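See below for the structure under consideration.
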Amino acid sequence: MVSTTKTDVLSLATQVAREAGALLMEYFRQRVAIEYKGEADLVTIADRKSEALIRERLREHWPSHDILGEEGGLHDTGSDYRWYVDPLDGTTNFAHGFPVFCVSMALEHKGKRIAGVIYDPTRDELFAAEQGSGAYLNDERVRVSKTATLAECLVATGFPSHKRHKNPNIFFYHQITLRTHGVRRAGSAALDLCCVACGRFDGFWEFNLNPWDTAAGVLIVEEAGGKVTNFHGGPFELNSRETLASNGLVHEALLQEFDKIFAGRDLESLPELRTGN
Ligand code: IPD
Ligand code: CA
Ligand code: CA
């Protein structure tokens with residue numbers, strides 16, 4: 001078993017994420033078959049093989065650690081250490097040949113996130129952070145943007161692939177689109193968070209994400225100097241189902257917009273729909 005000193009964890013997690021990313025690329029080139037977990041909830045052989053590989057490597061290095069992975073569920077040994085694994089974040093993109101997806105892995109100790117790694121194999125971009133040591137993109141330190149005015153922000157969001165009819169995010173998408181330079185919906189929450197960390201996006205929000213989607217990305221944003229809360233400004237929790245990340249400077253402005261949307265105050269109305277014009 002390898003020790004759990006910070007550097008060992010990050011360098012090994014990095015190797016594992018890169019190995020899983022290389023495996024994803026092999027399947028990506030072949031355009032694998034789409035299977036369904038729900039109406040529009042896709043899964044592929046690549047999700048499963050990537051998770052199997054990551055679990056095997058984690059077990060080799062740290063046999064006693066708990067692992068919660070999207071496809072395989074929770075392996076609970078009662079350890080103080082728990083890994084959160086999304087073996088392929090962006091499955092819908094992957095399955096359609098749209099090259100925006102990644103591997104996401106985070107390690108928690110006694111409920112505190114201590115390390116996170118997100119690897120985008122299409123761009124060979126490896127985002128990593130350890131608690132208290134900053135955030136890195138391919139070994140270069142990254143920081144959140146300095147944009148302080150909401151109207152000048154580029155932000156991102158996402159829509160879940162299950163219980164789609166119950167998701168109110170389209171209202172938020174509409175309002176925030178009209179308050180910013182725009183809202184991107186690229187289809188990988190983990191990469192959206194990395195884009196906040198390195199200043200490509202000034203903010204990101206999404207309803208109903210799962211712990212494996214956010215665990216690594218939230219730590220990376222925080223270590224890059226950003227802020228992550230729920231939609232009312234309270235502490236972010238892995239199971240809170242509300243994720244609002246930003247560069248910190250526009251966080252309050254985003255929370256104010258969210259308050260208005262929840263209360264139905266000062267909303268922009270939808271344009272009239274005319275056909276044939
Ligand atoms: C999904 C992606 C997507 C987000 C969905 C997630 P998956 O993860 O992160 O961007 O909008 O809510 O479920 O299913 O591709 O691992
Ligand atoms: Ca995911
Ligand atoms: Ca996934």
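This one's a predicted model, so the numbers in the text were calculated from it and none came from an experiment. Remember, it's 1-based here, ligands and their atoms both numbered in the order they're listed.
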For W212, which part has a heavy atom under 4.0 Å from ligand 1: side chain, backbone, both, or neither? neither
Does the pair D124/R18 count as a salt bridge with the N-to-O cut at 4.0 Å? yes
For D89, counting its heavy atoms only, list the atoms of ligand 1 lying under 4.0 Å from any of them. 1 (C), 2 (C), 7 (P), 8 (O), 9 (O), 15 (O), 16 (O)
Show me, pair by pair, the donor-acceptor contacts under 3.5 angstrom made by side chains of residues 256-264, not counting sequence neighbours?
unit_1, atom_1, unit_2, atom_2, d
E257, OE1, R179, NE, 3.2
E257, OE2, K260, NZ, 3.4

Per-atom filter on ligand 1: closer than 4.0 angstrom to a heavy atom of D86 are 16 (O)
Pair Y27 + F94: ring centers closer than 6.0 Å: no
G90-ligand 1 polar pair, N/O distance under 3.5 Å: yes
Given G158, S161, G187, which one has a non-hydrogen atom that is nearest to atom 10 (O) of ligand 1? G187
Below 4.0 angstrom from a heavy atom of A189, which ligand 1 atoms are there? Numbered from 1 as shown, please. 2 (C), 9 (O), 10 (O)
Going by the order shown, which atoms of ligand 1 are within less than 4.0 Å of some heavy atom of L209? 12 (O)
At under 4.0 Å between heavy atoms, is it the side chain or the backbone of N210 that contacts ligand 1, or both, or neither? neither
State yes or no: do I54 and I118 share one hydrophobic cluster built from I, L, V, M, F, W and Y residues joined by side-chain heavy-atom distances below 4.5 Å, directly or via other members? no
Which of the numbered atoms in ligand 1 are under 4.0 angstrom from any heavy atom belonging to E206? 4 (C), 5 (C), 11 (O), 12 (O)
Donor-acceptor contact present, side-chain E108 to main-chain I114, <3.5 Å: no
Between ligand 1 and N93, can you find any atom pair, the residue atom being a heavy atom, that is separated by under 4.0 Å? no
Minimum heavy-atom separation for I170 to F159, with atom names? N-CE2, 3.7 Å
Using a 4.0 Å cut-off to any heavy atom of S188, which atoms of ligand 1 qualify? 9 (O), 10 (O)
Distance filter under 4.0 Å to T91 heavy atoms, resulting ligand 1 atoms: 15 (O)
Determine whether the side chains of N169 and T157 contain a donor N or O and an acceptor N or O closer than 3.5 Å. yes
Decide whether an N or O pair under 3.5 Å exists between T92 and ligand 1. no
Any N/O of L88 closer than 3.5 Å to an N/O of ligand 1? yes
Would you tell me whether S240 and N230 have side-chain atoms, one donor and one acceptor, within less than 3.5 Å of each other? no
Give a yes or no on whether a salt bridge exists between E70 and K37, defined as a side-chain N under 4.0 angstrom from a carboxylate O. yes
4.5 Å side-chain heavy-atom contact, L193 and I220: no
How about D89 and S104: does a side-chain donor come under 3.5 Å of a side-chain acceptor? no
Considering only heavy atoms from C-beta outward, does the side chain of F101 approach that of P121 to under 4.5 Å? yes
Around the Ca ion (ligand 2), what protein N, O or S atoms are found below 3.0 Å? D86 OD2, D89 OD1, D213 OD1
Is it true that E71 and R55 have a side-chain N and a carboxylate O under 4.0 angstrom from each other? no
For D76, I'd like to know if atom CG has over 12 heavy atoms of other residues, nucleotides or ligands within 6.0 Å. yes
Within a distance under 4.0 Å of any heavy atom of E70, pick out the atoms of ligand 1 and give their elements. 14 (O), 16 (O)
Just let me know how D213 lines up against ligand 1, side chain, backbone, both or neither, with a heavy-atom cut-off below 4.0 Å. side chain
